Amino acid sequence: MSTVFSDFSTVQYGGPQVTEPLTYRYYDPAKIVLGKPLGEHLRFAVAYWHSLAMNGSDPFGAATINRPWMDASLDPMTAAKMKADAAFDLFRVLDLPFFTFHDRDIVHEEATLKETLANLHTMADYLQAKMQGSKVKLLWGTANLFSHPRFMAGAATNPDPEVFAWSATTIKHCMDVTKQLGGSNYVLWGGREGYETLLNTDMGHELQQFGRLLTLVVEYKHKIGFDGQILLEPKPKEPSTHQYDFDVATVYGFLKRFGLEKEVAVNIEANHATLAGHTFEHEIATAGDLGILGSLDINRGDPLLGWDTDQFPIDLLGTTMSMYHVIKSGGLGNGGCNFDAKVRRQSFTPEDMIHAHVGGVDLCAHGFLLAVKLIEDGRYDKVIADRYAGWKTPEAQDLLAGKRSLDEIAAQTEAKSIDPQPRSGKQEQIENLLLRSIE
Ligand code: XLS
Ligand code: CA
Ligand code: CA
């Protein structure tokens, strides 16, 4: 069956000198780097929602992307299958190893929960059959618990327990489907798990509800023998004014509170990091340090706009440093790099969709290779190591290990009476070193 992507041949690796735009210049999945193929470090995924379901509408304008399966006169199940056929054709063109989806991306909502869930399972079977004829695997599945009006005050954190139960039911089925399709992870993003005004919100109660839901998810994962990771995706705001999963550090505190820090990791999105006032690499390094780095959603915001624009990334230095911190954190394991990124509404052709992914894939691959080079070169790591070298002395090690009380430290320091001298932080030297490393 032909789709809007049928005219495109599979994008190949061509090497850095190639000028043909629909070619990977850096993404050579078979290239061995740090002991394994580059493709296994990066584990790229295509996001169903932005690539197949997004129609380019915004609060001020109508749809600009009119794919055949979006025709409202079609029978919805026929449309869902046409969309899936196009999805797998896009996966063929991009030749990336994974995809991701929400329940609502693959099939519409029906009048009753029972019918909605029946359709979800029908489409999961359809995807499973498509996967048998394809190389693509599922990086993660998730439930859309934010679009329908019933979720306007949250899903797990809704004041109405019936919405909590509805959400839990939907998640149970989405976890079943994710397991059926061999998913590596299951993601929870709490878009409306937060509030618009504290004036009508019992925050303590809502956090208890959220903790309960996450505990139920972890228990169910073990019950059904799902061996993927459960991931929470931080985001500080949008659509809610304040969201409980504000950033990686906040999520860690929440996981600790409910005893789930060994069970749940994070899916970190670049644009969510910047909305929280952090860099992507800050969030990655924080998760690495806390031992909860799960997976990445690759995109970028617009520095001139204060919302989640989900653009494809173009910043080589930022990407290199993000990959540096991924490598220093021990890699992505079961996670991957999911393109939670959408083309602009003026980029409405199928070809635009392919260019967007080729650019994003190549940028991440290039950044990863440069990060490896930076580590192998050693100069940058040495600057950092030298900065903390004072902590290597036995005396300082005892200080860090808690072998000195506050009054002992005071007595020793007063006896020595050494006035510590300021030392350069070498920021500009480091910036020059890094810029020269990506030339
Ligand atoms: C929205 C989120 C969402 C999650 C999955 O901002 O990025 O797309 O990744 O629900
Ligand atoms: Ca995301
Ligand atoms: Ca986003």
Side-chain angles (χ1 to χ4, degrees), residues 43-55 58-59 98-106 109 138-148 151 154-157 167 170-171 174-175 177-178 183-194 210 213-214 217 228-248 251 264-278 280 283-284 287 293-303 305-313 322 332 335-344 356 360 364:
R43 294 164 58 87
F44 287 121
V46 180
Y48 216 99
W49 55 105
H50 284 319
S51 302
L52 285 309
M54 211 254 315
N55 66 11
D58 73 10
F98 292 96
F99 72 109
T100 54
F101 69 88
H102 299 82
D103 53 351
R104 276 303 68 74
D105 305 329
I106 61 166
E109 176 143 1
L138 180 63
L139 184 65
W140 49 263
T142 188
N144 177 333
L145 301 175
F146 43 88
S147 294
H148 192 280
F151 304 119
T157 63
S167 306
T170 303
I171 290 173
C174 287
M175 289 176 73
V177 160
T178 300
S184 296
N185 307 271
Y186 184 83
V187 166
L188 296 110
W189 170 63
R192 296 188 196 274
E193 309 295 25
F210 203 7
L213 182 96
L214 200 55
V217 165
Q229 296 179 109
I230 302 295
L231 305 176
L232 264 189
E233 181 176 326
K235 186 176 182 181
K237 57 188 169 188
E238 198 203 358
S240 301
T241 308
H242 177 91
Q243 284 165 200
Y244 297 133
D245 298 328
F246 193 95
D247 60 3
V248 170
V251 165
V264 179
V266 281
N267 180 45
I268 306 173
E269 179 178 313
N271 203 166
H272 298 183
T274 48
L275 283 175
H278 303 306
F280 193 23
E283 289 291 79
I284 293 168
L293 177 59
S295 195
L296 301 180
D297 270 7
I298 301 294
N299 60 21
R300 77 174 205 268
D302 184 320
L305 299 173
W307 67 89
D308 193 18
T309 58
D310 285 343
Q311 290 168 241
F312 279 83
S322 298
L332 293 172
C337 294
N338 171 49
F339 285 100
D340 192 350
K342 60 186 178 219
V343 292
R344 301 303 86 194
C364 293

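Residue indices begin at 1 and follow the sequence shown. Just so you know, ligand 1 is whichever comes first in the structure, and atom 1 is the first atom listed for that ligand. Since this is a predicted model, take the numbers as computed values, not measurements.
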### Task
Check whether the ring centres of Phe101 and Trp140 lie less than 6.0 Å apart, and answer yes or no.
no
Note, the Ca ion (ligand 2) has protein N, O or S atoms under 3.0 Å numbering 4
All heavy atoms of Pro236 vs all of His272, minimum pair found to be CD-O, 3.5 Å
Which atom of Asp308 is nearest the Ca ion (ligand 3), counting N, O or S only? It is OD2
| request: Mark yes or no for whether Glu193, through its side chain, and Phe210, through its backbone, hold a donor-acceptor pair below 3.5 Å. | output: no
Fill in: Between Asn338 and Thr100, a side-chain donor and acceptor under 3.5 Å
yes
For Asp297, the atoms of ligand 1 under 4.0 Å from one of its heavy atoms are 9 (O)
Logged contact type for Glu269 with ligand 1, heavy-atom cut-off 4.0 Å, is side chain
Under 4.0 Å, counting heavy atoms only: does Glu238 come that close to any atom of ligand 1? no
Do Arg104 and Glu109 meet the salt-bridge criterion of a basic N to acidic O distance under 4.0 Å?
yes
If we number the atoms of ligand 1 from 1 as shown, the ones under 4.0 Å from a heavy atom of Trp49 are 8 (O)
Closest non-hydrogen contact found for Lys342 with His50 is CB-ND1, 3.5 Å
Going by the 4.0 angstrom heavy-atom rule, the piece of Asp308 near ligand 1 is side chain
- Item | Trace of the side chain to side chain donor-acceptor pair (under 3.5 Å) decision for Asp297 with Asn267 | CA-CA 7 Å; Asp297 270 7; Asn267 180 45; 3.3 Å; yes
Among non-hydrogen protein atoms, atom 4 (C) of ligand 1 lies closest to Glu233 OE1, 3.3 Å
The residue among Ile171, Leu213, Asp103 that forms side chain to side chain contact (heavy atoms under 4.5 Å, CB included) with Leu145 is Ile171
- prompt: Between Asn299 and Asp310, does any side-chain donor sit less than 3.5 Å from a side-chain acceptor?
  reply: yes
Notebook entry, point to check: Should the ring pair His102 and Trp49 be called parallel, tilted or perpendicular, given that the plane angle runs from 0 to 90° and is split at 30 and 60?
Noted result: perpendicular
Nearest non-hydrogen protein atom to atom 3 (C) of ligand 1, with distance, is Trp189 CE3, 3.7 Å
Exercise for review: Verify whether one side chain among Ser184 and Arg43 offers a donor that lies under 3.5 Å from an acceptor in the other.
Suggested key: yes
When distances are taken from atom 8 (O) of ligand 1, the protein heavy atom at minimum range is Asp340 OD2, 3.2 Å
A student checking ligand 1 against His102 at a 4.0 Å heavy-atom cut-off should list atoms 5 (C), 10 (O)
